Peer 1: 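Here's a structure for you.
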Amino acid sequence: MLLEVNQVQMYFGGIKALDGVDVAIQPGTIHAVIGPNGSGKTTMFNVITGFYKPTSGKIHFNGIDITGEKPHFIVEKGMARTFQTLRLFPHMTVMENVVVGRHTRIRESFWRAAIRSRSTIKEEKGAYEKAEQVLDLVGLIDKRHQLANSLAYGEARLLEIARALASDPQLLLLDEPAAGMNPSETKQVMELVKQLCQKGLTIILVEHDMKAVMAYSDVVTVLDHGKKLAEGTPEEIQHNEHVISAYLGKRRGQQHA
Ligand code: ADP
Ligand code: MG
């Protein structure tokens, strides 16, 4: 398993955002995490990526215990994420937004930068080359010199994925990448996710668009009130009694975020 989440609890005062969750992510898969609003999906991303230290439980990535480690350490180990809401630098170019995301991979001390050693220049060059590569991958290469705030909404979300990819992750966590997108933008982002997976990336996908989740994921984990309600293939989840009654059925007509 690439990632193992064991009995993770994350309490905020009296709120049990995660209440003993076990999830194992197989390499090379698209693993969706679904559940109603407030079920703990984003919190799970936050504890996996080191933004929150879990109240209890363990997280192993590639066999390494990363529980409670800082985000930059976890990025270095090969994990990257996007956020539920856009976090771009609007007045920087598309290219600059990606290069900024890569900074954790540039091992540049102040003094080395000051004297601009050969290796620093090489690393900088590498950062721009990598940025071009990921922008090409997400289809934004022609817009690399534009300001981020000139992008359409769907493009801005793709830029965030490009930025996450710039750190060369093995595991990519996407928090509602298709939120606010129209059907054609959703298809575009989901096709990108599929393509990334075919290139060997493992993806954890939080998404409320059930059609997209069912069409593209290999495994689906369902959270409800901070607990794992069900897990299986899209087919199994769609027919799971607990999911139908506790989630899809009861809340039919509402947005299944
Ligand atoms: P989801 O992403 O599934 O919609 P979240 O993980 O954002 O759900 O939230 C799960 C629960 O944890 C909610 O009740 C939310 O209010 C609570 N929560 C999340 N983050 C915090 C925080 N930083 N402080 C307090 N409560 C939080
Ligand atoms: Mg969320």
Side-chain angles (χ1 to χ4, degrees), residues 1-5 8 21-36 39-49 59-62 66 74-75 77-84 134 137-139 154 157-224 228-240 243 247-248 255-257:
M1 289 295 168
L2 180 62
L3 182 80
E4 285 182 285
V5 174
V8 164
V21 172
D22 289 311
V23 180
I25 309 290
Q26 219 176 328
T29 57
I30 299 175
H31 192 127
V33 178
I34 65 170
S39 57
K41 305 180 297 295
T42 296
T43 302
M44 195 167 105
F45 274 19
N46 284 332
V47 297
I48 291 171
T49 55
I59 303 161
H60 285 84
F61 180 52
N62 264 324
I66 56 161
I74 293 170
V75 169
K77 291 281 169 278
M79 211 191 280
R81 71 174 293 181
T82 61
F83 294 87
Q84 198 169 341
V134 294
L137 198 63
V138 305
R157 302 231 62 165
L158 290 171
L159 176 53
E160 291 211 301
I161 296 177
R163 183 162 68 183
L165 290 173
S167 67
D168 264 332
Q170 241 186 310
L171 176 64
L172 179 63
L173 297 91
L174 302 173
D175 199 349
E176 302 200 21
M181 284 187 172
N182 63 40
S184 89
E185 289 171 327
T186 300
K187 178 142 199 277
Q188 194 187 349
V189 75
M190 292 310 300
E191 284 296 322
L192 172 66
V193 168
K194 186 173 157 186
Q195 192 192 342
L196 293 172
C197 184
Q198 283 163 352
K199 282 177 180 290
L201 234 85
T202 305
I203 290 139
I204 311 182
L205 174 73
V206 165
E207 185 47 58
H208 70 257
D209 185 324
M210 281 306 126
K211 239 173 91 187
V213 165
M214 295 306 168
Y216 288 89
S217 4
D218 298 298
V219 184
V220 182
T221 296
V222 186
L223 292 183
D224 195 25
K228 192 161 87 174
L229 182 69
E231 192 168 71
T233 63
E235 180 78 0
E236 286 164 352
I237 291 305
Q238 279 169 306
H239 296 105
N240 182 294
V243 179
Y247 173 44
L248 297 171
Q255 220 184 35
H256 303 301

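Only a predicted model underlies this, so the values are computations on that prediction, with no experimental measurement involved.
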Peer 1: Let me see the working for L3 and N62 under side-chain contact (heavy atoms from CB on, under 4.5 Å), right down to the final yes or no.
Peer 2: CA-CA 6 Å; L3 182 80; N62 264 324; over 6 Å; no
Peer 1: Can you name the closest pair of heavy atoms from E176 and K41 and give their distance?
Peer 2: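 Result for this residue pair: OE2-CE, 4.4 Å.
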Peer 1: List the atom pairs, donor and acceptor, that lie under 3.5 Å between side-chain atoms in residues 212-220 and the rest of the protein, sequence neighbours left out.
Peer 2:
residue : atom : partner : partner atom : Å
Y216    : OH   : E191    : OE2          : 2.7
S217    : OG   : V213    : O            : 2.3
D218    : OD2  : I30     : N            : 2.7

Peer 1: Do V222 and I237 pass the side-chain contact (heavy atoms from CB on, under 4.5 Å) test, and can you show the C-alpha distance, the side-chain angles, and the key distance before you say yes or no?
Peer 2: CA-CA 8 Å; V222 186; I237 291 305; 4.0 Å; yes
Peer 1: Do you know the tightest heavy-atom contact between I48 and I66?
Peer 2: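 That closest heavy-atom pairing would be O-CD1, 3.6 Å.
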Peer 1: Which distance, rounded to the nearest 0.5 Å, do you find between the CD1 of I203 and the CG of L173?
Peer 2: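 One gets 10.0 Å once the value is rounded to the nearest 0.5 Å.
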Peer 1: Just verifying a value: how many Å separate M44 CE and I59 CD1, rounded to the nearest 0.5 Å?
Peer 2: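 M44 CE to I59 CD1: 9.0 Å, rounded to 0.5 Å.
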Peer 1: Checking the side chain of T82 only, and the main-chain atoms of E160 only, is there a donor and an acceptor separated by less than 3.5 Å?
Peer 2: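 No; judged by distance alone, with no hydrogens or angles, the pair does not exist.
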Peer 1: Per the side chain to side chain donor-acceptor pair (under 3.5 Å) rule, what does the pair list look like for residues 26-36, sequence neighbours excluded?
Peer 2: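 Of all non-adjacent pairs touching residues 26-36, those that pass side chain to side chain donor-acceptor pair (under 3.5 Å) are H31-T221.
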Peer 1: What are the two closest non-hydrogen atoms of Q188 and L158, and how far apart are they?
Peer 2: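 It is NE2-CD1, 3.6 Å.
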Peer 1: Say you draw a straight line from CZ of F45 to CG of D175; how long is it, rounded to the nearest 0.5 Å?
Peer 2: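 Result: 5.5 Å between the selected atoms.
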Peer 1: Once side-chain hydrogen bond (donor to acceptor under 3.5 Å, both in side chains) is applied, do any residues pair with N46, and if so which ones, sequence neighbours excluded?
Peer 2: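 Once residues adjacent in sequence are excluded, the partners of N46 under the side-chain hydrogen bond (donor to acceptor under 3.5 Å, both in side chains) criterion are R81.
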Peer 1: Under the side-chain contact (heavy atoms from CB on, under 4.5 Å) rule, what do L172 and T202 come out as? Steps first, then yes or no, please.
Peer 2: CA-CA 6 Å; L172 179 63; T202 305; over 6 Å; no
Peer 1: Going by heavy atoms in the side chains, are T49 and M79 under 4.5 Å from each other?
Peer 2: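 When only atoms from C-beta onward are counted, M79 and T49 do touch, with a gap below 4.5 Å.
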Peer 1: Could you please spell out the steps behind the side-chain contact (heavy atoms from CB on, under 4.5 Å) verdict for E4 and F61?
Peer 2: CA-CA 7 Å; E4 285 182 285; F61 180 52; over 6 Å; no
Peer 1: Can you give me the closest heavy-atom contact between I34 and E207, atom names plus distance?
Peer 2: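 Residues I34 and E207, closest heavy atoms: CG2-O, 3.7 Å.
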Peer 1: Of the non-hydrogen atoms in V206 and P177, which two are nearest, and what is the gap between them?
Peer 2: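 Taking V206 first and P177 second, the nearest heavy atoms are O-CD, 3.4 Å.
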Peer 1: Is there a side-chain contact between L223 and L229 in this structure, where contact means two heavy atoms from C-beta onward sitting under 4.5 Å apart?
Peer 2: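 Contact flag for L223/L229 side chains = no.
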Peer 1: Considering the options V23, L174, L2, I25, which one meets the side chain to side chain contact (heavy atoms under 4.5 Å, CB included) requirement together with I204?
Peer 2: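 That would be I25; it is the only one of V23, L174, L2, I25 passing the side chain to side chain contact (heavy atoms under 4.5 Å, CB included) with I204.
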Peer 1: How far does NZ of K211 sit from OG1 of T186, to the nearest 0.5 angstrom?
Peer 2: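 One gets 9.5 Å once the value is rounded to the nearest 0.5 Å.
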Peer 1: Measuring from L137:CG to I161:CD1, what's the distance to the nearest 0.5 Å?
Peer 2: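 It is 10.0 Å, given to the nearest 0.5 Å.
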